Every structure is written in C-alpha cells, then in structure tokens.
2 protein chains.
Amino acid sequence: MKKTPATARTVRRGALTGQAEDYLKAIYEMEQGGEPAATNAVAALLGIAPASVSGMLQRLSRLGLVHVERYRGARLTHMGRRAALQLIRRHRIIESYLVTRLGFGWDEVDEEAERLEHGASTELVERMAAALGHPTEDPHGAPIPTSDGVVDERRLQSIADLAVGQTARVVRVSDRDSEFLRYLAAMGIRPNATVKVADRAPFDGPVTITVRGARHQLGVAAASRVYVEPVARTRRAAK
Amino acid sequence: MKKTPATARTVRRGALTGQAEDYLKAIYEMEQGGEPAATNAVAALLGIAPASVSGMLQRLSRLGLVHVERYRGARLTHMGRRAALQLIRRHRIIESYLVTRLGFGWDEVDEEAERLEHGASTELVERMAAALGHPTEDPHGAPIPTSDGVVDERRLQSIADLAVGQTARVVRVSDRDSEFLRYLAAMGIRPNATVKVADRAPFDGPVTITVRGARHQLGVAAASRVYVEPVARTRRAAK
DNA sequence: ATCGTATGTTAGTCCATACTAACTCTTAAG
DNA sequence: CTTAAGAGTTAGTATGGACTAACATACGAT
C-alpha cells in the first residue's frame, strides 16, 4: 500500500493541486470577456512568471481541463469549467460564511477563502451553505454557482458606464482588493446601495456620485469596479 | 516583485508547508512517550516511506525545528514544539467547531480538520474558538493547547490498565479511526461516560465492561485507546 | 564479542511548480 | 510588405517532496 505517486498527499477531491485549481479560476475569470485567457494576463493575475503559466497550461491540457492554442491562449474545457465553478462556489460560500457567521469584514475574507477553498470538503461547503440558507450571492454581490455549476454571469455595467444623472443600484463590487473594499464601505457603497451620477469629468476623468445624500468622487479605476443595474425611472421595463 | 523562490505560494503563515507541518505534529505525538521520534514510526503514522522521513528531517533540522541524532531519531526544538502545538490547537479548535456549529459527527472531523488546519489563518481559528467560548477540550476529550502553546498532557491510563471491578470516567478517546469512533459511540463510550470493568480475560484478552448498565466486550487494542481516570471509591485522593 | 535483523540513511529518480534567459510568433505601425 | 515590440514558448535550473534500491548502523540474541 501507499504506492501513491509523490504528490498524492497534497491532492484533494478531484486529483487537482491547489495551484492548478487557482489557474482554472484565473482562466475562468479571464475568459469571461469572451476571449481565451492570455498567458500574460493569467501570469499577472496570479503573480507568477509567464513561463510558469505556459508550463501549467500544458499540464492542465494533458489533464483535459483546458484547450490551449499555441501563442493564442487557453480556454476551459467542459471539465475545466465545471472544476472552476465548483471552486468559485466553494470560495463564495466560504466568504459568506465567514462574514455572516464569524464576523469577518467583507474586506478580510477573500484571502482566507482563497486558502480554505482548497482544503474544504464538499460536505463542509454544503453544510456551510445549508447553515446560511443556501445563499445565492456572496458578500460582495457575486453570484454563487449552484453545485451543478450553474451561475448567472450576466454582463454588468459599472459606474463608469453610467451617464450623468443616472441612478443605479449597486449589484456587485470587485473583491480582490481589501483596501478598495474599505474605501467603498466608508462611502456606503455595497450591494443594494443606490448611487446617482452627479457629474463626470471629460476624457474618462473621475465620476462624482451621490450615495445616501453624500457626494463622492470616484476615479475611473474605482468606478469600473463597482457593478450596477440602472434604475429605470423612465418606464422601460428593467427586465 | 515576485521573486519569491518557488514554493512561496504554497506556504502559509510561518513559512512552513502543509507537509512539513504534518511531520511536526507526528513527531510531537511520538515524542510523548519520552523517546525521540523514530523514523519508521513517523513514516508509519504518515503513511510514507522511511527514506522520505529521513529527507524531511534534514529539512526540518535546517529550519531549526528539530534536533536529529543520526540513526537515533528526532526531537522537536523549542520552535518546533511551538509550531506543533499551534497546529494541534488549530486542529482541535476546528474539530470542535465542526462538531458543535456545523453538525458533524465526532467520527467525521479528524480528516477535515487535517486539511483545514494548514490553510486556516490564526485569526480564523481564534474567531472559531471565541464563538465556542474558548473550549479547553476537543470532541474526543483531547486538551486544546492555549495560543501560548501550553497544554496539559497528563499521562492517562487506558481501560486496558484498569483492574477488574474498577470504575472510571472516560476522559478521552483516540480520534484517528472513524470506524472505531462509531463503534465507541454505539456503546455509549464518550468523554465523561462512566465505565466499570466487569471482567478481564487472562493474557491481555478482551475486557468486559459495563457502560450505562449494558455489558460490552472490548479487545485490548480498543481498550487501550480509551483513556480514563479511575473514580476513587476507596478514599485515596484522586489527585 | 559477534552477527543478523531491525532500523536508518544515502543515492538516484520523478513530478509539480517556480524561475531566468533565450528564442519564436503575432501583429500593428510604418 | 516589412519589421520591431510585445506576447508566448522552450530550455535549463532549482526546490520541495515522495519513491525504490542499495548501503550503513545499532543492538539483542547467541
């Protein structure tokens, strides 16, 4: 017994190491724009060298998790997408649990979930989900894929896309930068908050918005990381 | 930036990988008998080849976590012991949390905690502990070291050490084998249960015990994995 | 005191993962 | 249409961690 080859002890569930899982998530995210995931983009997102990504793409390809077109980029296969969605589900459920059951701030949970998602069993994640009443969104407003890998990734507008005078409901905010999240929280920007664009500087300059009566300036970088759904004042069925 | 050498991404907190942490825990456990941890024993406990243990001992030694005496075995250094106790604290708090907050059975949590303990931040573990009111024992009766690494590892007797007629309170049970735990649970053996030795076969044969009025036979292997504190009927201060 | 078995260690491989350096494509600018 | 910059890949190296096979040590039994 115990003839398991080398890395077996570090492997969970589906025979994927934590690293490999991170790549799948990264590729999934990059792919959302429609284009295959670019090597350099994945490298930048994960903070590693492009050459390392090339290497990993070959391994993932061998495992049937991605299709790689040389010099073009990678796309997830069916299997790869399923794995990525499972991981994202884990991540978001864990984040939700940490916030609602253990009192973490929404700016603190991404990193923690990042580490836990690789070790947590499906059983644990499902128990957390059940304890929370099977939430459909995480604390940042991101949709939680179902255990069958179904997720509503509708294309969202960001504040940067709104016209002056428009009012919108915040649906979701980018969760990757805890400083940014604290900054948003300080202004009262969180899922379901209502924002109104008061002014916009030309040439993609900062946007002035009103949140709960207070005016704030948002740089483009920030504005484009807050996703909203315009509130239809003029009747034009908001679907 | 990101000149971090290779394994940095898999490393948590104190620059130790999950594997290395497992070794420390194993060595800590083996050492409890007073003797340095034997290579083969560690290998058996972790399910790996003895040669792999030799290799890891050298790495741990280089990191100042163990003292290795060639051909003799390993002992934890101060630092190593602290690391091991931190890990054990994590493990036991996580087990406790899973049982009391997420409805896991005591026979299901060892494996899960084994994986989570490497990814969970100190912050998370302390929040779990706080949520539980800072428990001092895990669900199997094992003491939880404090965050300063203090633990009451008093030498315990097992049922196998008791004489016929003696009554004892179950203090703790071995947690490594979930089948064994279910077997104990079925008999009503759990921390704080009272058992009485009704009979003992000679030559280390099975022990007959009474638990909550019912009689059961326990093999030596089982009996020696249930730790008890004799109940002093004859007055002779139970310390 | 010796010797054989247990136990332990070294040597040589392997794989995953990362890196740098050097090379190769792709593509946009002219 | 050419070409150079930027994107991507390969080659070569390192480290952690595991394996097997072969060698080394310790120690209890004779």
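Chain letters run A, B, ... following the sequence lines, proteins first, then strands; residues in each count from 1. What you see is a predicted model, and the numbers here were worked out from it, not measured in a lab. Side-chain atoms are counted along with the backbone in the values below, which use heavy atoms only and exclude waters and symmetry mates.
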Minimum heavy-atom separation for A/Asp22 to A/Leu46, with atom names?
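Between these two residues, the closest heavy atoms are O-CD2, 4.0 Å.
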Kindly say whether A/Ile144 contributes a backbone atom to a donor-acceptor pair with the side chain of A/Glu137 at under 3.5 angstrom?
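Answer holds: no.
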Looking only at atom types and distance, does a side-chain atom of B/Asp148 sit under 3.5 Å from a main-chain N or O of B/Val150, one as donor and one as acceptor?
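No.
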Taking only residues two or more places apart in sequence, or in another chain, which ones meet A/Val99 in a side chain to side chain contact (heavy atoms under 4.5 Å, CB included)?
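In terms of side chain to side chain contact (heavy atoms under 4.5 Å, CB included), with neighbours along the sequence ignored, A/Val99 is linked to A/Val109, A/Pro139.
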Listed partners of A/Ala20 passing side chain to side chain contact (heavy atoms under 4.5 Å, CB included), at least two apart:
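Partners of A/Ala20 by the side chain to side chain contact (heavy atoms under 4.5 Å, CB included) criterion, ordered by chain and then number, come out as A/Leu16, A/Thr17, A/Met56, A/Leu60.
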Once side chain to side chain donor-acceptor pair (under 3.5 Å) is applied, what residue pairs with a partner in residues 48-58 of chain B remain, sequence neighbours excluded?
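Applying side chain to side chain donor-acceptor pair (under 3.5 Å) to every pair that reaches into residues 48-58 of chain B, excluding sequence neighbours, yields nothing.
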For residues 101-113 of chain B, which residue pairs pass the side chain to side chain donor-acceptor pair (under 3.5 Å) check, not counting sequence neighbours?
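Residue pairs passing side chain to side chain donor-acceptor pair (under 3.5 Å), neighbours aside: A/Ser121-B/Glu112, B/His91-B/Asp110, B/Asp107-B/Arg182.
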Sort out the partner of C/dG4 for me: Watson-Crick or G-U wobble, both distances under 3.5 Å, none otherwise.
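WC or wobble partner is D/dC27.
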Looking at A/Ser52, I'd like to know whether one of its side-chain N or O atoms comes within less than 4.0 Å of OP1 or OP2 on C/dC19.
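So the side chain of A/Ser52 is within the cut-off, an N or O lying under 4.0 Å from OP1 or OP2 of C/dC19.
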Does B/Arg62 place a side-chain N or O at less than 4.0 Å from the phosphate oxygens OP1/OP2 of D/dT15?
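For D/dT15, neither OP1 nor OP2 has a side-chain N or O of B/Arg62 closer than 4.0 Å.
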Check the pair A/Leu24 / A/Leu87 against side-chain contact (heavy atoms from CB on, under 4.5 Å), numbers first and verdict last.
CA-CA 9 Å; A/Leu24 291 182; A/Leu87 206 64; 5.7 Å; no
Under 4.0 Å from any atom of DNA chain D, heavy atoms only: list the residues of residues 26-36 of chain A that qualify, in numerical order.
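When residues 26-36 of chain A is checked for heavy atoms under 4.0 Å from DNA chain D, there are no hits whatsoever.
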Pick out the pairs of N or O atoms, protein on one side and nucleotides 6-12 of chain D on the other, that lie under 3.5 Å.
| residue | atom | partner | partner atom | Å |
| --- | --- | --- | --- | --- |
| D/dG8 | OP2 | A/Asn40 | N | 2.8 |
| D/dG8 | OP2 | A/Asn40 | OD1 | 3.3 |
| D/dT9 | OP1 | A/Tyr71 | N | 3.4 |
| D/dT9 | OP2 | A/Thr39 | OG1 | 2.9 |
| D/dT9 | OP2 | A/Ser54 | OG | 2.7 |
| D/dT10 | OP1 | A/Arg70 | NE | 3.3 |
| D/dT10 | OP1 | A/Arg70 | NH2 | 3.0 |
| D/dT10 | OP2 | A/Gln58 | NE2 | 2.6 |

Round to the nearest Å and state the distance from A/His118 atom NE2 to C/dA16 atom P.
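Computing the A/His118:NE2 to C/dA16:P distance gives 18 Å.
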In whole angstrom, what separates A/Arg59's CZ from C/dC14's P?
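Taking CZ of A/Arg59 and P of C/dC14, I get 17 Å after rounding.
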Atom pairs, N/O to N/O, protein against nucleotides 1-4 of chain C, distance under 3.5 Å?
none

Can you pull out every salt bridge (Lys or Arg N to Asp or Glu O under 4.0 Å) where at least one residue sits in residues 59-71 of chain B? Sequence neighbours excluded, please.
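The answer is none; no pair qualifies.
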Residue list, salt bridge (charged side-chain N to carboxylate O under 4.0 Å, His left out) with A/Asp152, at least two apart or on another chain:
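So A/Asp152 forms a salt bridge (charged side-chain N to carboxylate O under 4.0 Å, His left out) with A/Arg154.
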Based on the glycosidic angle (syn within 90° of 0, else anti), state the conformation of C/dA6.
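It is syn.
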If we fit an axis to the first five pairs and another to the last five of the helix from C/dT7-D/dA24 to C/dG30-D/dC1, what angle do they make, to the nearest 10°?
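One end's axis against the other's: 10°.
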Got a sec, which residues hit side-chain hydrogen bond (donor to acceptor under 3.5 Å, both in side chains) with A/Glu126, two or more places apart in sequence or on another chain?
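With sequence neighbours excluded, A/Glu126 shows a side-chain hydrogen bond (donor to acceptor under 3.5 Å, both in side chains) to A/Arg89, given in chain and number order.
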Apply salt bridge (Lys or Arg N to Asp or Glu O under 4.0 Å) to B/Glu123 and B/Arg90, showing your working.
CA-CA 11 Å; B/Glu123 176 71 18; B/Arg90 285 161 187 288; over 6 Å; no
Enumerate, atom names and distances included, each donor-acceptor pair closer than 3.5 Å involving a side-chain atom of residues 27-35 of chain A, sequence neighbours excluded.
| residue | atom | partner | partner atom | Å |
| --- | --- | --- | --- | --- |
| A/Glu31 | OE1 | A/Arg81 | NH1 | 3.2 |
| A/Glu31 | OE2 | A/Leu76 | N | 2.8 |

